[in-house]
Asks: 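To start, I am sharing the structure in question, which I have written as structure tokens.
All ligand and atom numbering here is 1-based and tracks the order in the structure. Everything numeric here is computed off the predicted structure, so don't read it as measured data.
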Amino acid sequence: MDAPTLCTIGELLVEFVSHKKGCGLRTIADYSGPYPSGAPAIFLDQAARMGARTRMYGGLGEDGFGQLLRDRLDRDGVGTEGVENVPGRTTGTAFVSYYDDGRRDFIFHLANTAADGFSFDAGTLPDGDLVLHVSAASLGAAPLRHAIMRGVEAVLSRGGRITCDPNARPELLRDDAAREALEYVVARSWCLMPSTSDLGFLYPDLDESAAIDRLLDSSAEIVAVKRGAGGATLVGHGERHDLPGHAVTEIDPTGAGDGFCGTLVALLLQGRPLAEAGRLANAAGAIAVTRRGPMEGNSTPAEIEAFLASSLNPEGKSA
Ligand code: ATP
Ligand code: MG
């Protein structure tokens, strides 16, 4: 049987990254960008690089930023039939600045831009087996949430599967509609890829292993716990793989989670075993943090293999 088409619905934007730390976007500093960004786009770009057949649904302005994004997705083989040029709207933008302890400040301009102004028609989803990835931060914006939830219903009604990065940020969870949508998606996901802090937000009363068991008791067959510099844990029914993080110099951590998830899901859909898909995803996440720009950290299978060959921790089994 053909591999499924992996779809995302959500924000496309360009990001500007401050080179100065500790100023929280409050002072004049050098920035670089525009870097292609948007969690669903970073995820899908990485999945396409790993050989997945993909389809992105999102909106771009008819401007230079929009052209940059379209060129990047086309270059990397992402299916862009669902990427719409939205007349009269500009491309979404974001600005990010880091602190020395790893915290970051974002300013997003997404509301009333092309990023949340596209129309999604579930009837245009591709034929054949479907997998829809939900990047839960998108659920905080009502127009995106409505489009994504229509996509979730359409894919489930066709017997397709959902994957989800819960990205359960507190500012998202304060909104009841967003939280309900997140819980609905989490309960129906085949593969869930929370960070450790996402697990804490989803299940404040459970320890980590109880939270993982809870997820595996609903629809999830695979849970991947992302631990930043600490690596990742991959859990399926009857198997568990704890992978320590690779030693790298962190330049820009934004997008590592999306690159990890895109690698993992793309390889699982191509029938690769969980241990192997996880090993490559753990490497893809490590590579991602070494490059400035959220999508610039995405990598090819050859780059991942070369990284693993040169890493002090090539098997991802012991530090
Ligand atoms: P974000 O939401 O910011 O994109 P996330 O919280 O979803 O990120 P992280 O845990 O930060 O995800 O990163 C995903 C994966 O990338 C980790 O599980 C790990 O495999 C790898 N990774 C991230 N940061 C580092 C690091 N500093 N060193 C080595 N590997 C890293
Ligand atoms: Mg995350």
Asks: Number the atoms of ligand 1 from 1 as they appear, then name those within less than 4.0 Å of a heavy atom of Ser195, with their elements.
Replies: 6 (O)

Asks: Is the ring pair Phe120/Tyr57 parallel, tilted or perpendicular, if the boundaries are 30 and 60 degrees?
Replies: perpendicular

Asks: Between Glu250 and ligand 1, find which residue part has any heavy-atom pair under 4.0 Å and reply side chain, backbone, both or neither.
Replies: side chain

Asks: Assess the side chains of Asp252 and Tyr98: does a donor N or O sit below 3.5 Å from an acceptor N or O?
Replies: yes

Asks: Is it true that Glu303 and Arg291 have a side-chain N and a carboxylate O under 4.0 angstrom from each other?
Replies: yes

Asks: My understanding is that we take every heavy atom of each candidate and find the minimum distance to atom 18 (O) of ligand 1. Doing that for Pro244, Ala288, Gly231, Gly285, which one comes out nearest?
Replies: Gly231

Asks: Going by side chain to side chain donor-acceptor pair (under 3.5 Å), Ser37 matches just one of Glu11, Glu15, Glu296. Which one?
Replies: Glu15

Asks: Test of understanding: given a 4.0 Å heavy-atom threshold, classify the contact between Val248 and ligand 1 as side chain, backbone, both, or neither.
Replies: side chain

Asks: Indicate, as side chain, backbone, both or neither, the part of Asn167 found under 4.0 angstrom from ligand 1 when only non-hydrogen atoms are considered.
Replies: side chain

Asks: Going by heavy-atom distance to atom 19 (C) of ligand 1, choose the closest among Gly255, Gly245, Gly228.
Replies: Gly228

Asks: Please classify the Ala286 to ligand 1 contact at 4.0 Å (heavy-atom distances, strictly less than): side chain, backbone, both or neither.
Replies: both

Asks: Which is closest to atom 26 (C) of ligand 1 by heavy-atom distance: Ala39, Ala256, Cys261, Ala229?
Replies: Ala229

Asks: Under the rule for ring pair (Phe, Tyr, Trp, His ring centres under 6.0 Å), what residues qualify as partners of Phe65, not counting sequence neighbours?
Replies: Phe16

Asks: Assess the pair Phe307 and His246: is the distance between their ring centroids shorter than 6.0 Å?
Replies: yes

Asks: Considering distance alone, does some N or O of Gly257 sit under 3.5 Å from an N or O of ligand 1?
Replies: yes

Asks: Between Asn282 and ligand 1, does any nitrogen or oxygen pair lie at a separation below 3.5 Å?
Replies: yes

Asks: Using a 4.0 Å heavy-atom cut-off, which part of Arg227 comes near ligand 1: side chain, backbone, both, or neither?
Replies: backbone

Asks: Between Asp165 and ligand 1, does any nitrogen or oxygen pair lie at a separation below 3.5 Å?
Replies: no

Asks: Does the pair Arg89/Asp63 count as a salt bridge with the N-to-O cut at 4.0 Å?
Replies: no

Asks: Sequence neighbours left out, what passes side chain to side chain donor-acceptor pair (under 3.5 Å) with Gln270? Give chain and number order.
Replies: none

Asks: Of the non-hydrogen atoms in Val186 and Cys164, which two are nearest, and what is the gap between them?
Replies: CG2-SG, 4.4 Å

Asks: Between Ala232 and ligand 1, does any nitrogen or oxygen pair lie at a separation below 3.5 Å?
Replies: no

Asks: Is the shortest N/O to N/O distance between Arg104 and ligand 1 below 3.5 Å?
Replies: yes

